[in-house]
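Model, not experiment: these values are computed from the prediction. Order of listing sets the numbers, starting from 1, for every ligand and every atom in it.
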Amino acid sequence: MQVRLLSPIFPKKLNERRGEFIGTYKNYQGTKDYLPYQIGNQIGTSKLIRDIENKFVEVNRLYEFKEIIIPTLEFADIYERAGQAGSDMVQKEMFAVASDKNRLVLRPEGTAGVVRSYVQNKLYDAMSDELVKLYYMGSMFRKERPQAGRQREFRQLGAEVIGINDPYVDVEIIAMAKEFFSQIGLNNLRLEINSIGCSDCRTQYKEVLKKELGRVKGLCDLCVIRKDTNPLRVFDCKDDRCSELTKNLPVISQYLCGGCDGELSVVKKGLDMLSIPFVVNPTLVRGLDYYEKTVFEFVDDAIGAQSSVCGGGRYTSIIEEMGGPPNSGVGFAMGLERILIALSNQGKIATPEKEIDYFLVWTTEEAKCILMKVAQKLRARGYSVSMFFEPKKMKKQLKEANRKRANIAIIVGEEELSRNTIQVKDLKSSVQNEISLIDFMGR
Ligand code: HAM
């Protein structure tokens, strides 16, 4: 039997002009349009996203990170290989893309793709003796149930440092995330850190935890499975009952080996040294399986269940598992949608900004043509310029100039045409000067 896949076409309405019923389309659940204007109660505009991304680029420059642009489409294996086979993300949330021969998916996160590229392009030889510092921006895709702060297509801003295992590098990358948040005005995030140990101490801890969990009754269905497959993840469960049942279980910090404990102490010392406030959350384990040692999150409780605005940590074995040298990396990714929600909760979504430098106002076709030449000149000088093309009342044109928050309106009516002049009106001070068109064009 052939399965017919449905697109969500909205009830068809009669289009009288065409004499037929036509349906409208809606975007896929868990995806978003970012429009140039604030419409209804949507949070954020395309302009705000671009501004935030530009700020991220700028902060990365301060820390000498270079941009890497990786594909949106990757082989499923890279996420499975990168030590993540047991994570919810890989088991349940990847969007498979139909292909004759290959198992392809839309990337659910950036780290595995960056590591794949680092190994494939031998960046360890090409870029630096010591550290490869990369940042990336773009859409990620996870088939999760959409809710506030959780989408199926979402945008991440991420950074990775690959090369050495030095906890001061963890401190520096946390400092970079913190610097970025303060530059966009998000100063209320709580930084939580923890160490989930290396494979040695974590293996020992997992055994203890499994045994303890065996005695706990009443866990949710997912945690009953996790208890055996990935016991640390029970601490990540959002079910209140599970949180209550697991709150007195032993935590990893009691089992860290000397090396891991020492590295966590350096991270804490480094954060203190740079005056970056943090709390140690002994149950912070992160949802992806590739982490070792330091893990961290920047959290905003006001967002609700999806409170993690930025998550990251150190990874050691995945680079080798993906065919690379035994190098260690550390990185983070922040969710742009959650940044927007956090900014909006604090009333920090910017009020509409100036859209244009000059707005040109005309009354006759001859004036319109002169102003098209003026516009060309102004744009060549680097100014943004807008005008109506259909005839409109002067009052309506000036109203539009104000709506667009233009700095200056240039007005040409019949009198200006007869005198070969233009009126230059400063829209802030309302001061208006008539000047010679030849002078203006010649300037
Ligand atoms: P992650 O915790 O899965 O880590 O995602 C990082 C951030 O992406 C989250 O803190 C959240 O802000 C955002 N995010 C995740 N899923 C969604 C979603 N469904 N909707 C909206 N936002 C979401 C990683 O992706 C790792 N690759 C981070 C990393 C880089 N670790 C080391 N290097």
Side-chain angles (χ1 to χ4, degrees), residues 28-32 43-44 49 52 56 65 68 70 74 78-79 82-84 87-90 92-95 106-116 118 132-162 169-170 173-174 176-177 180-181 186 189-194 196 233 236 238 284-301 303-319 328-343:
Y28 176 53
Q29 204 189 10
T31 67
K32 270 197 174 130
I43 300 179
I49 292 212
I52 292 173
F56 188 67
F65 280 63
I68 180 166
I70 46 168
E74 295 267 9
I78 72 161
Y79 305 101
Q84 300 186 70
S87 70
D88 290 349
M89 189 189 79
V90 166
K92 299 189 293 204
E93 295 166 4
M94 293 205 291
F95 278 99
L106 294 176
R107 62 183 183 195
E109 58 108 42
T111 311
V114 170
V115 171
R116 193 255 322 126
Y118 170 85
V132 173
K133 296 164 123 185
L134 302 165
Y135 74 90
Y136 50 91
M137 303 183 290
S139 286
M140 307 292 158
F141 304 83
R142 295 185 198 174
K143 210 186 293 168
E144 296 184 272
R145 195 169 46 77
Q147 63 178 96
R150 189 163 72 187
Q151 290 182 207
R152 291 180 168 173
E153 177 178 2
F154 56 99
R155 302 178 74 86
Q156 278 190 345
L157 307 172
E160 314 287 345
V161 183
I162 311 181
V169 179
D170 307 15
I173 205 162
I174 292 173
M176 181 166 86
F180 167 74
F181 286 131
L186 269 188
L189 303 181
R190 182 177 67 251
L191 169 63
E192 297 187 353
I193 65 165
N194 193 22
I196 55 167
R233 292 294 315 283
D236 234 7
K238 299 281 182 270
L284 176 69
V285 292
R286 307 269 307 123
L288 307 173
D289 287 352
Y290 49 61
Y291 294 110
E292 285 184 15
K293 305 181 180 175
T294 311
V295 287
F296 61 90
E297 282 187 0
F298 284 86
V299 179
D300 180 357
D301 295 320
I303 296 180
Q306 305 305 317
S307 57
S308 162
V309 177
C310 170
R314 180 161 284 283
Y315 42 90
T316 304
S317 51
I318 66 166
I319 302 165
S328 178
V330 60
F332 66 71
M334 28 183 95
L336 234 165
E337 282 72 16
R338 294 189 196 171
I339 289 177
L340 293 179
I341 297 173
L343 284 171

Determine yes or no for a side-chain-to-main-chain donor-acceptor pair under 3.5 angstrom, with Arg314 supplying the side chain and Thr294 the backbone.
no
Please confirm whether the backbone N or O of Ile70 pairs with a side-chain atom of Arg107, one donor and one acceptor, at under 3.5 Å?
yes
Show the atoms of ligand 1 that are less than 4.0 angstrom away from any heavy atom in [X].
X	answer
Gln151	18 (C), 19 (N), 20 (N), 21 (C)
Cys310	10 (O)
Gly311	10 (O), 28 (C), 29 (C)
Glu160	30 (C), 32 (C), 33 (N)
Glu109	25 (O), 26 (C), 27 (N)
Tyr290	26 (C), 27 (N), 29 (C), 31 (N)
Ala333	6 (C), 7 (C), 28 (C), 29 (C), 30 (C)
Thr111	26 (C), 27 (N), 29 (C), 30 (C), 31 (N), 32 (C), 33 (N)

Taking a cutoff of less than 4.0 Å between a non-hydrogen atom of the residue and any ligand atom, is [X] in contact with ligand 1?
X	result
Glu337	no
Tyr291	yes
Met140	no

Below the 3.5 angstrom mark, is there an N/O of [X], backbone or side chain, next to an N/O of ligand 1?
X	result
Arg150	no
Gly110	no
Phe154	no

Regarding atom 3 (O) of ligand 1: of the candidates Glu153, Arg142, Met89, Arg107, which has the closest heavy atom?
Arg142
Pairing donors with acceptors under 3.5 angstrom, does anything connect the side chains of Glu109 and Tyr79?
no
